[in-house]
Amino acid sequence: MGIIDNISKLFESRLRLGIMAILMVNDRVDFNTLKEHLEASDGNLASHIKALEKNELIEVHKQFVGRKPQTTYTATELGRLSFQKHIDGLNNLIKGMK
Amino acid sequence: MDTKEQLNHLSEIRSLMERSSRCLSLSGLSGISAGIIAIICGLYTWWYLGDGSFAHTVGVTEYFLSLNIFSEKFITVAIIALVTLVLAIVSAFIFTYKNSQKKGLKIWDTSTKYFLINLFIPLTTGGFFCLILAYYGELYLLASSTLIFYGLALLNASRYTHREIRYLGVSEIFLGLISSLFIGYGIIFWLFGFGVLHIIYGAVMYLKYERE
């Protein structure tokens, strides 16, 4: 059991996998965009984001747009690698079952 | 989880990645309508420059190139070109808007913004380049320049919409290069590139993604 296996556990949540999927193909995404694509509630989304952040799979950026605070998210190198591994794992699993 | 569930899971992730990074509302009908408008306006210009007939393109081209850029004929052609551009963009927008409504997609999001920015940077560069050609009176490269810059613009923007638009972009670039070797037949290449290719691309995309 290496670190990757542990991280794969993190991806078992559909929402977390969704967050990572969006961050894989977009440079910077704000909270509302994530919410719209994933159709999740504020609280639910926030807690999953926190879990990903704690494991250093994503990075959080806070800045001000005018006077409004805006939070954006990006995937870290570790996050990208882990996501790729996880997807490859799913693919292999399917191939193995056929 | 069984295999089928896993497969669904994967395709769901894939679709999420596509939807969040590409403007998928772009309708095939937009291509068809832009193509039809290009053909009508292109043929009208040909007929107008040929004094009410479809004269041989080499003669028409020579006549067009001899025009002073402040002459009435030249200004009329420039106005037709502008009207063509506006009509094509408006019709493309209408069909794309309808498509986004039908599919329940947002018409304006980050991917639409990136698509337009990446499309219009090479496109306006091409526009200014053509104005400069007009300024120097070197308009014989007009058809090939518009085709090449439009192709490059599509290629550049293809990252933010349906992938297939790359093929249209590459075809326009190729056509533009060939066209530069056949001065005097520019209008034919132009009608084919902006008219026929748009219609073919639009029809293919419509059948692939929008037919019920």
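Keep in mind that this is a model prediction, so the values were computed, not measured. Protein chains get the first letters and strands the later ones, always in sequence-line order, with residue 1 at the start of each.
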Decide if atom CZ of R166(B) counts as having more than 12 heavy atoms of other residues, nucleotides or ligands within a radius under 6.0 Å.
no
Below 4.5 Å, heavy-atom pairs only: which of E36(A), M24(A), H37(A) has the largest tally toward chain B?
H37(A)
Considering only heavy atoms and a distance below 4.5 Å, find which of L23(A), I22(A), N91(A), T33(A) pairs most often with chain B.
I22(A)
Should we say atom CZ of F149(B) is surrounded by more than 12 heavy atoms from elsewhere, each under 6.0 Å from it?
yes
Validation row: T74(A), I58(A) side chains within 4.5 angstrom (heavy atoms):
no
Taking T96(B) as the fixed residue, which of S30(B), S91(B), S27(B) is the one that meets the side chain to side chain donor-acceptor pair (under 3.5 Å) rule?
S30(B)
Given heavy-atom pairs under 4.5 angstrom as the criterion, report whether the side chain, backbone, both or neither of E18(B) touches chain A.
neither
